[in-house]
Enquirer: 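What follows is a single structure, and I will ask about it in a moment.
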Amino acid sequence: MTILDNHPRAESLRIREKIIEGMHKKIVAEAGLIAHGRGEAYDYLLGEKTPNYAQKQQEVAVAMLLTAKKPIISVNGNIAALCPKEIVQLSEQTGALLEINLFYRSEERIKAITSVLENAGTKTILGVEPEYYETIEELSHLRRIVDLRGIYSADLVLVPLEDGDRTMALRRAGKKVITIDLNPLSRTSLWSNVSIVNNVIRAVPEMIEESLRLKEKDTDELKELINDFDNYKSLQETLNFMSSRLKELSEGKLEDPTKNL
Ligand code: PTJ
């Protein structure tokens with residue numbers, strides 16, 4: 001579909017096209033389209049910009065990735081379609097390896113996502129070689145298949161755009177979890193150690209920038225950032241931001257595009 005540059009929602013439509021194209025190429029699950037639509041709705045509440053609270057969440061998340069013993073970034077269909085190059089770069093900058101772990105797992109999708117990540121420049125992809133498959137009992141369905149060298153033995157897992165069961169299961173398995181989820185009320189957000197309530201489209205590139213800055217700091221400083229962070233309070237701040245934005249709009253900031261008709 002041709003999207004004209006002067007369309008008021010051009011950027012959002014281009015992102016939507018990536019997801020649709022990803023579904024046709026078997027990268028994105030059909031349910032990934034529904035997940036994306038839900039994300040778009042929440043992004044409206046943020047004004048489609050990164051709020052200050054999310055900068056803090058991203059900073060702490062990167063500090064955790066840089067100080068973890070064995071951090072892993074879990075890749076699903078939506079992430080592979082929306083920001084493949086950026087997720088590979090974040091992996092390189094933080095030393096967190098990429099592992100494909102899918103809710104709607106099929107060999108066809110594993111192959112399609114592997115090829116996207118390889119084209120984006122990654123050398124190592126976990127979760128694709130059967131000889132290293134292990135199962136995490138706490139996880140349901142096919143997501144329980146994880147890589148022995150990856151999620152199975154990781155101390156920290158970044159699960160962008162995820163379903164709640166998995167985050168809860170990873171926490172129960174004793175791992176630290178970071179998520180990127182536009183819904184602050186999702187079980188994923190509530191159960192994570194650090195929830196980044198922002199669009200992955202903005203969050204991942206900003207985390208790459210953050211990693212360059214934080215790499216200059218010593219471990220004690222990074223640990224202090226992590227220790228000072230409280231996910232529950234941070235989600236309260238997130239909800240405050242969303243509700244005050246709606247309040248401002250309802251009290252006069254919302255432009256009436258029809259007023260000069
Ligand atoms: O590729 P698979 O098979 O692993 O399947 C992936 C999906 C996304 C289908 C699966 O994990 C799923 O069903 O997820 P949920 O339960 O729909 O949760 C997705 C969450 O991500 C929702 O809370 C959305 O609001 C949020 N979300 C959607 N798009 C974005 C987002 N968060 C950040 N950035 C986005 N672009």
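Counting convention: from 1, in listed order, for ligands and their atoms alike.
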Enquirer: If you measure from the Lys or Arg side-chain nitrogens to the Asp or Glu carboxylate oxygens, is any gap between Arg149 and Glu99 under 4.0 Å?
Expert: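 No salt bridge links Arg149 with Glu99.
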Enquirer: Salt bridge check, Glu224 against Lys217: does any charged N sit closer than 4.0 Å to a carboxylate O?
Expert: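 Glu224 and Lys217: not salt-bridged.
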Enquirer: For Thr238 and Gln57, what are the C-alpha separation, side-chain angles and deciding distance, and is it a side chain to side chain donor-acceptor pair (under 3.5 Å)?
Expert: CA-CA 10 Å; Thr238 303; Gln57 295 163 347; 3.2 Å; yes
Enquirer: Under 3.5 Å, side-chain donor or acceptor atoms of residues 116-127 against the rest of the protein: list the pairs with distances, not counting sequence neighbours.
Expert:
{"from": "Asn119", "atom 1": "ND2", "to": "Ser115", "atom 2": "O", "distance (Å)": "3.3"}
{"from": "Thr122", "atom 1": "OG1", "to": "Thr124", "atom 2": "O", "distance (Å)": "3.2"}

Enquirer: At less than 3.5 Å, what protein N or O atoms come close to the N or O atoms of ligand 1? Include the distances to 0.1 Å.
Expert:
{"from": "ligand 1", "atom 1": "1 (O)", "to": "Gly77", "atom 2": "N", "distance (Å)": "2.9"}
{"from": "ligand 1", "atom 1": "1 (O)", "to": "Arg109", "atom 2": "NH2", "distance (Å)": "2.8"}
{"from": "ligand 1", "atom 1": "3 (O)", "to": "Phe103", "atom 2": "N", "distance (Å)": "3.3"}
{"from": "ligand 1", "atom 1": "3 (O)", "to": "Tyr104", "atom 2": "N", "distance (Å)": "2.8"}
{"from": "ligand 1", "atom 1": "3 (O)", "to": "Arg109", "atom 2": "NH1", "distance (Å)": "2.7"}
{"from": "ligand 1", "atom 1": "4 (O)", "to": "Phe103", "atom 2": "N", "distance (Å)": "2.8"}
{"from": "ligand 1", "atom 1": "17 (O)", "to": "Arg38", "atom 2": "NH2", "distance (Å)": "3.0"}
{"from": "ligand 1", "atom 1": "18 (O)", "to": "Glu162", "atom 2": "O", "distance (Å)": "3.2"}
{"from": "ligand 1", "atom 1": "23 (O)", "to": "Asp181", "atom 2": "OD1", "distance (Å)": "2.8"}
{"from": "ligand 1", "atom 1": "23 (O)", "to": "Asp181", "atom 2": "OD2", "distance (Å)": "3.3"}
{"from": "ligand 1", "atom 1": "32 (N)", "to": "Leu182", "atom 2": "N", "distance (Å)": "3.1"}
{"from": "ligand 1", "atom 1": "34 (N)", "to": "Asn199", "atom 2": "OD1", "distance (Å)": "3.4"}
{"from": "ligand 1", "atom 1": "34 (N)", "to": "Val200", "atom 2": "N", "distance (Å)": "3.0"}
{"from": "ligand 1", "atom 1": "36 (N)", "to": "Asn199", "atom 2": "OD1", "distance (Å)": "2.8"}

Enquirer: Is a salt bridge present between Glu59 and Arg213, judged by a nitrogen-to-oxygen distance below 4.0 Å?
Expert: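 Counted as a salt bridge, because a side-chain N and a carboxylate O are separated by less than 4.0 Å.
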Enquirer: Between the side chains of Lys223 and Asp228, is the shortest nitrogen-to-carboxylate-oxygen separation below 4.0 Å, so that they form an ion pair?
Expert: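 No salt bridge links Asp228 with Lys223.
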